[in-house]
Amino acid sequence: LAGALLDAGRLDDAEAVAREATEIVRRIGESGRLSGRYRAVPAELAFVRGRRGEAVEWLLREARDAIDPHVGIAYPEVLALWLALLDRRGAAEEVVRLLAEARRLAMEAGCPRCALELEVWAGRALASVGRTIEARRTLAAWDAARPDPNPPDRLFRRWAEGVLAIEEGE
């Protein structure tokens, strides 16, 4: 819910839900039910609110403490996109490095769903740093694997296509 509220721009509501979910996870000690990107919602909220240092520190700490590769996929995935958005072409090498780390974790985790989700994020990040050929290849592979994506993935895929169109001068 916090992720959906964040995506809808309802930041106050998203923060309240994320805070409550984090507290529940802390009390019961079960973080495995928070999947993929949704683990990073508190950091994403800090990021969009302009507390970027706090957001990056949170992600780096969580990534360092993640003992399960499945849990760890989201952290380099989100960091790669943030760097791509903030520094554009200047971040290209670090974005590629972070995506390689996320792909390594996805391979180690053996989760096809998370690996595919990562690829649509990778396409967006690669397009944002001007790596349009790699982005096109990544998104074409994603399209082939996901002929009927769920609505959030379809939206993110369109977003990536929009970034590619801008980068390619369309």
Side-chain angles (χ1 to χ4, degrees), residues 3-4 6-9 34-53 55-64 66 68-170:
L6 170 63
D7 290 343
L34 292 176
S35 66
R37 165 187 170 234
Y38 298 109
R39 294 177 185 279
V41 167
E44 287 186 272
L45 284 161
F47 182 82
V48 300
R49 294 259 194 200
R51 301 186 318 263
R52 294 188 174 117
V56 170
E57 285 302 315
W58 187 95
L59 279 178
L60 291 173
R61 182 182 62 250
E62 292 295 314
R64 184 186 60 243
D68 177 356
H70 198 208
V71 170
I73 298 167
Y75 306 123
E77 175 183 303
V78 171
L79 274 173
L81 184 58
W82 288 357
L83 283 175
L85 294 173
L86 289 174
D87 199 15
R88 312 272 306 153
R89 283 175 167 52
E93 293 305 315
E94 183 63 7
V95 165
V96 168
R97 187 194 70 72
L98 286 164
L99 292 174
E101 173 63 11
R103 285 173 173 143
R104 182 191 67 75
L105 290 167
M107 191 86 128
E108 192 176 323
C111 178
R113 185 188 56 78
C114 287
L116 277 174
E117 180 182 279
L118 167 61
E119 291 309 309
V120 77
W121 281 64
R124 166 73 199 285
L126 290 166
S128 294
V129 297
R131 302 275 181 110
T132 57
I133 294 170
E134 291 170 72
R136 283 259 175 240
R137 220 177 8 247
T138 296
L139 292 170
W142 186 84
D143 290 340
R146 294 292 300 268
D148 187 28
N150 62 40
D153 286 348
R154 186 178 308 121
L155 177 64
F156 208 78
R157 173 61 177 89
R158 287 181 181 161
W159 192 2
E161 191 63 39
V163 173
L164 272 168
I166 291 167
E167 286 295 321
E168 295 171 340
E170 296 178 23

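The first residue of the sequence shown is numbered 1, and numbering continues consecutively from there.
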> Atom CG in Leu86, atom CG in Leu79: separation rounded to 0.5 Å?
Replying inline: 10.5 Å
> Taking 4.0 angstrom as the limit, do Glu161 and Arg157 come out as a salt bridge?
Replying inline: yes
>> Within this structure, what is the CG-CG distance for the pair Leu164 and Leu139, rounded to the nearest 0.5 Å?
In response: 6.0 Å
> Would a 4.5 Å heavy-atom cut-off, applied to side chains only, mark Asp7 and Pro152 as touching?
Replying inline: no
>> Using the rule given for salt bridge (charged side-chain N to carboxylate O under 4.0 Å, His left out), can you reason through Arg97 versus Glu93, listing the C-alpha separation, both sets of side-chain angles and the distance that settles it, and then say yes or no?
In response: CA-CA 6 Å; Arg97 187 194 70 72; Glu93 293 305 315; over 6 Å; no
> Which atom pair, heavy atoms only, marks the closest approach of Ala125 to Leu99?
Replying inline: CB-CD1, 4.4 Å
>> If you compare all heavy atoms of Ala135 against all heavy atoms of Leu126, which two are closest, and at what distance to 0.1 Å?
In response: CB-CB, 3.8 Å
> So how far is it from Phe47 CZ to Leu6 CG, rounded to the nearest 0.5 Å?
Replying inline: 11.5 Å
> Nearest heavy-atom pair of Gly110 and Pro112: which atoms, and what distance?
Replying inline: O-CD, 3.3 Å
> Can you find a heavy atom in the side chain of Leu116 that is under 4.5 Å from one in the side chain of Asp153?
Replying inline: no
>> Looking at every heavy atom in both Ile73 and Ala109, which two are closest together, and how far apart are they?
In response: CD1-CB, 4.2 Å
>> Quick check for you: to the nearest 0.5 Å, what is the distance between Met107 atom CE and Leu105 atom CG?
In response: 12.0 Å
> Can you name the closest pair of heavy atoms from Val95 and Ala80 and give their distance?
Replying inline: CG2-O, 3.4 Å
>> Please identify which of these residues, Glu77, Glu108, Glu119, meets the side-chain hydrogen bond (donor to acceptor under 3.5 Å, both in side chains) condition with Arg103.
In response: Glu119
>> Between Arg136 and Glu167, is the salt bridge (charged side-chain N to carboxylate O under 4.0 Å, His left out) condition met? List the steps.
In response: CA-CA 12 Å; Arg136 283 259 175 240; Glu167 286 295 321; over 6 Å; no
> Do Glu134 and Arg137 touch side chain to side chain, with heavy atoms closer than 4.5 Å?
Replying inline: yes
> So Phe156 and Trp121, would you call those rings parallel, tilted or perpendicular, with 30° and 60° as cut-offs?
Replying inline: parallel
> Looking at Trp159, does the NZ or CZ of Arg124 lie under 6.0 angstrom from its six-membered ring centre and within 45 degrees of the ring axis?
Replying inline: yes
>> Can you give me the closest heavy-atom contact between Leu83 and Ala91, atom names plus distance?
In response: O-CB, 3.6 Å
